[in-house]
Amino acid sequence: MDPALLRERELFKKRALSTPAVEKRPASSDSGSHKKKKPKVDKEGSSGSKHGSSNGNFNIKASSGYKFGCLAKIVNYMKTRHQNGDTHFLTLDEILDETKLLDIGMKQKQWLMNEALVNNPKIDIRDGTYGFKPKYNLKDKKALLRLLDKHDQLGLGGVLLDDVEEGLPNSAKAIKALGDQIIFVTKPDKKKILFYNDKHCQFVVDEEFQKLWRSVPVDSIDEEKIAEYLKKQGISSMQETGPKKVLPVQKKKKQGGQRKRHFKTHNNHLAGVLEDYSDGVPVKK
């Protein structure tokens, strides 16, 4: 054989060995042999719907919390300006401007106008304007003194300091100016009550009468009986406004002893003939 042809043959073999070959398999006609791929579940979509519903509930709670937060801010602001002497009424836009709630939506604004401020017991409305409504609307120290005197004459007792501070502008200055015309009493819950100091009732009581007064024991008398006696005499007693203690409910004890058992009687037609031996055999006389 020609040597040139042999060299070309050897070179062809080397090139064939150096080049990788990929074998193609024929497609199978049997569709059942291959497993069908399961469609992927859109986890993101399902989780997104869950997050969407939870976000919706969160948004509802957040919106309601925002509304009531705005209402509380408005009521506190109206109370503060009333205590500082600014008692003139404001429109809702003026209130929102002064409370820096200009970013409030139209729905919240309608809710404030038609529901929240209208039904709030601390807000007074006049011709579309709003003002603070205290328990006692006091203009000055003279009005406070008249209120305490009225309570004293009617036997209504005193007035809470919190109610006075709420309704009287610059209350600390007015109370200080009244001096000894009023009396402070501190309750067990540390709340202070103001009483009218009637100086006409300040007189010296004889020591003998004081001894007689203190010698009458009232420890064994219930407060309800004392209040009932005063009511019969036409005297009204001051009612306690503090928190009342709730007495524990006592459970009724079940009555002891065994119930009597009743048995049906038979042989009624032999009454008078049969003898009863339940207590033993009777002794013959």
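None of the values given here were measured: they were computed from a predicted structure. For the single chain, residues carry numbers from 1 onward in sequence order. Side chains are part of it too, since the values below use all heavy atoms of this structure and drop only hydrogens, waters and symmetry mates.
Counting non-hydrogen atoms of neighbouring residues, nucleotides and ligands closer than 6.0 angstrom, the CD atom of Gln233 exceeds 12 such neighbours. Within a 6.0 Å sphere centred on CD of Glu224, other residues, nucleotides and ligands contribute 12 heavy atoms or fewer. Around atom NZ of Lys133, no more than 12 heavy atoms belonging to other residues, nucleotides or ligands sit under 6.0 Å away. Around NZ of Lys139, the count of heavy atoms belonging to other residues, nucleotides or ligands within 6.0 Å does not exceed 12.
Here the side chains of Met113 and Leu92 are in contact, with some heavy-atom distance below 4.5 Å. For the pair Leu90/Tyr130, no side-chain contact is recorded, criterion being any heavy-atom separation below 4.5 Å from C-beta on. Residues Leu96 and Ile74 have side chains in contact (heavy-atom distance under 4.5 Å, counting atoms from C-beta outward). Using a 4.5 Å cut-off on side-chain heavy atoms (C-beta onward), Lys73 and Asn76 make no contact. No side-chain heavy atom of Lys109 sits less than 4.5 Å from a side-chain heavy atom of Asn114. Looking at heavy atoms from C-beta onward, Asn137 lies in side-chain contact with His82 at the 4.5 angstrom threshold.
Rounded to the nearest 0.5 Å, atoms OG1 (Thr91) and CG (Asp127) are 12.5 Å apart. In this structure, OG1 on Thr129 lies 10.0 Å from NE2 on His88, to the nearest 0.5 angstrom. Residue Thr87 holds its OG1 atom at 10.0 Å from CE of Met78, rounded to the nearest 0.5 Å. Interatomic distance, Ile104 CD1 to Cys70 SG, rounded to the nearest 0.5 Å: 4.5 Å. To the nearest 0.5 Å, atom CD of residue Gln181 and atom CG of residue Asp149 are 10.5 Å apart.
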TODO: Check the pair Lys192 / Lys187 against side chain to side chain contact (heavy atoms under 4.5 Å, CB included), numbers first and verdict last.
DONE: CA-CA 6 Å; Lys192 293 185 177 180; Lys187 295 174 59 180; over 6 Å; no

Open item on the list: One pair to check against side chain to side chain contact (heavy atoms under 4.5 Å, CB included): Lys191 and Ile193. What are the steps and the verdict?
Closed with: CA-CA 7 Å; Lys191 288 187 177 182; Ile193 306 177; 5.8 Å; no

TODO: Evaluate the side chain to side chain contact (heavy atoms under 4.5 Å, CB included) criterion for residues Leu101 and Ile95: first the C-alpha distance (whole Å), next the side-chain angles of each, then the deciding distance (0.1 Å), finally the verdict.
DONE: CA-CA 8 Å; Leu101 294 173; Ile95 294 173; over 6 Å; no

Task: Test log, rule salt bridge (charged side-chain N to carboxylate O under 4.0 Å, His left out), inputs Lys150 and Asp152 - done: CA-CA 5 Å; Lys150 181 180 178 181; Asp152 182 65; over 6 Å; no

Task: Full working for side chain to side chain contact (heavy atoms under 4.5 Å, CB included) between Lys67 and Lys107 - done: CA-CA 10 Å; Lys67 288 195 304 182; Lys107 289 184 178 180; over 6 Å; no

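Of the possible donor and acceptor atoms, one in the side chain of Asn120 sits under 3.5 Å from a partner among the backbone N and O of Lys122. With hydrogens and angles ignored, the 3.5 Å screen pairs no side-chain donor or acceptor of Arg214 with any backbone N or O of Phe209. Listed for the Gln83 side chain is no donor-acceptor partner under 3.5 Å among the backbone atoms of Thr80. Under a 3.5 Å cut-off, the side chain of Asn119 and the backbone N or O of Glu115 do form a donor-acceptor pair.
The minimum heavy-atom distance between Pro134 and Gly167, with the atom names listed, is CB-CA, 3.5 Å. Contact detail for Tyr66 and Asp103: the closest heavy-atom pair is OH-OD1, 3.6 Å.
With respect to the salt-bridge test (charged N to carboxylate O, under 4.0 angstrom), the residues Lys173 and Asp140 do not qualify.
Think of Phe89 as one node in a network of Ile, Leu, Val, Met, Phe, Trp and Tyr side chains linked at under 4.5 Å; it has no links at all. Grouping Ile, Leu, Val, Met, Phe, Trp and Tyr by side-chain contacts under 4.5 Å, direct or through others, puts Ile175 with Tyr136, Leu138, Leu144, Leu145, Leu147, Leu148, Val159, Leu161, Val164, Leu168, Leu178, Ile182, Phe184, Leu194, Tyr196.
Listed by first and then second residue, the ring pair (Phe, Tyr, Trp, His ring centres under 6.0 Å) pairs involving residues 92-121 are Phe68-Trp111 (not counting sequence neighbours).
His151 and Arg146 are not linked by any side-chain donor-acceptor pair at a separation below 3.5 angstrom, with hydrogens and angles left out of the test.
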